[in-house]
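Scroll down for the structure; my scribbles are underneath it.
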Number of protein chains: 2
Amino acid sequence: MNQKTEAWDRRLRSAGFRITPQRQLVLEAVTTLRHSTPEDILLEVQQTASGVNLSTVYRTLEVLEQVGLVTHAHIDHGSPTYHVVEEAPHIHLVCSRCQAVESVESDDFEKFSSKLESQKGFVVNIAHVALHGLCKNCADGRTLIIDNEFDI
Amino acid sequence: MNQKTEAWDRRLRSAGFRITPQRQLVLEAVTTLRHSTPEDILLEVQQTASGVNLSTVYRTLEVLEQVGLVTHAHIDHGSPTYHVVEEAPHIHLVCSRCQAVESVESDDFEKFSSKLESQKGFVVNIAHVALHGLCKNCADGRTLIIDNEFDI
DNA sequence: GTATATGCAAAGGGTTTGCACGGTT
DNA sequence: AACCGTGCAAACCCTTTGCATATAC
């Protein structure tokens, strides 16, 4: 974890940003929570002695995203969810019924997206992909999602 | 176009909703604009004599989505974009740089998603898919999107 | 010491809601 | 006539911004 922290710091510093307790706290929270909204992160960091202001959370996430340490995806209708940029790229599966978020490796998706690239010239930002639907539990045998069936 | 209108009306009526000028106007606007935010729709319908209130636009879109006449996808960080449910299912490609929205048929995507279904049990709502990245023009030879390269 | 980051509070955008009125059935 | 739908305004998120203060470098 310490090694990770050092890498984070280097990344920030090399981009000309300063290391602050708030930035470290937010980064730890994003790591711990795995998929979290700004509000989630606020609650997490507020459990520490120092605490961080909500606007600082927003500004920090912006910075962390700029330097490539975190990304976000639009998981539901509300706030975006942030997560650390990992070694293994993955895409998000979001259940429209139970709101569960699942990460799956993107290998198969990449086959599709590279085809898209060669055919249409469109280059997909894989880390940003969030697919909505029903998770295994909630699907329960269905094979087709009717658009208006859930509040999605 | 008249035939379409009748089908719309039937759909609404059979679901127990009433036919109102506002609902017809919104539906026409969504059709005309192809990919539009509530605000876009408001501007479009305000060009008519009657006009429609913004909150009615929202409520109408909710109804139209419930009865399966329109869907929405989360195209950018802001408002969702609505479009009519078409015969040919398609997914959306959204350029992070120029904001252009492209529709492509979902055949290839479905190959991926059915694999996802058999392997993970996750059933993707295809109409809701919006992939972010760079369009042909903006990609301009790139083959990898760095997450923080654009404000996405 | 200087430039950057933070906290606070206020403003901003998008969306939802309560209520009285108007229109559809 | 009864009920549903609309307009209006207020309320409600979530996010951004301005400014004075604090802090990293």
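Labels below follow one simple rule: chain letters A, B, ... track the order of the sequence lines, proteins then strands, and each chain is numbered from 1.
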Could you run down the sub-3.5 Å N/O contacts of the protein with nucleotides 23-25 of chain D?
residue: D/dA24; atom: O3'; partner: A/I19; partner atom: O; Å: 3.3
residue: D/dA24; atom: N3; partner: A/R18; partner atom: NH1; Å: 3.0
residue: D/dC25; atom: OP1; partner: A/R13; partner atom: NH1; Å: 2.9
residue: D/dC25; atom: OP1; partner: A/I19; partner atom: N; Å: 3.1

Measure all distances between protein nitrogen or oxygen atoms and nitrogen or oxygen atoms of nucleotides 16-20 of chain D, and list the pairs falling under 3.5 Å.
residue: D/dG18; atom: O6; partner: A/R59; partner atom: NH1; Å: 3.4

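Under the side-chain contact (heavy atoms from CB on, under 4.5 Å) criterion, A/T60 pairs with A/R23, A/V26, A/T56, A/L64, not counting sequence neighbours. Taking A/I19 as the reference, A/D9, A/L12, A/R13, A/Q24 meet the side-chain contact (heavy atoms from CB on, under 4.5 Å) condition, with sequence neighbours excluded. In terms of the side-chain contact (heavy atoms from CB on, under 4.5 Å) criterion, residue partners of B/E62 (sequence neighbours excluded) are, by chain and number, B/Q66.
For the atom pair B/K111 NZ and B/S106 OG, the distance stands at 11.0 Å (nearest 0.5 Å). Distance check, rounded to the nearest 0.5 Å: CD1 of A/I41 to CG of A/L61 gives 4.5 Å.
Residue A/N53 has no polar side-chain atom (N or O) positioned under 4.0 Å from OP1 or OP2 of C/dT6. Put simply, B/Q22 has a side-chain N or O that comes within less than 4.0 Å of OP1 or OP2 on D/dG7.
Taking atom CG on B/L25 and atom C1' on D/dT6, their separation rounds to 13 Å, with Å as the unit. Atom CD1 in B/I41 sits about 17 Å away from atom C1' in D/dT6, given to the nearest Å.
Within the structure, ring pair (Phe, Tyr, Trp, His ring centres under 6.0 Å) pairs that include any residue of residues 95-117 of chain A comprise A/F109-A/F112, A/F109-B/F112, A/F112-B/F109 (at least two apart or interchain).
Residues A/T81 and A/H35 share a closest heavy-atom pair of CB-C, 4.4 Å. Considering all non-hydrogen atoms of both residues, A/S113 and A/I126 come closest at OG-CD1, 4.0 Å.
Across all strands, B/V52 comes closer than 4.0 Å only to sugar-phosphate atoms, never to a base (heavy-atom distances).
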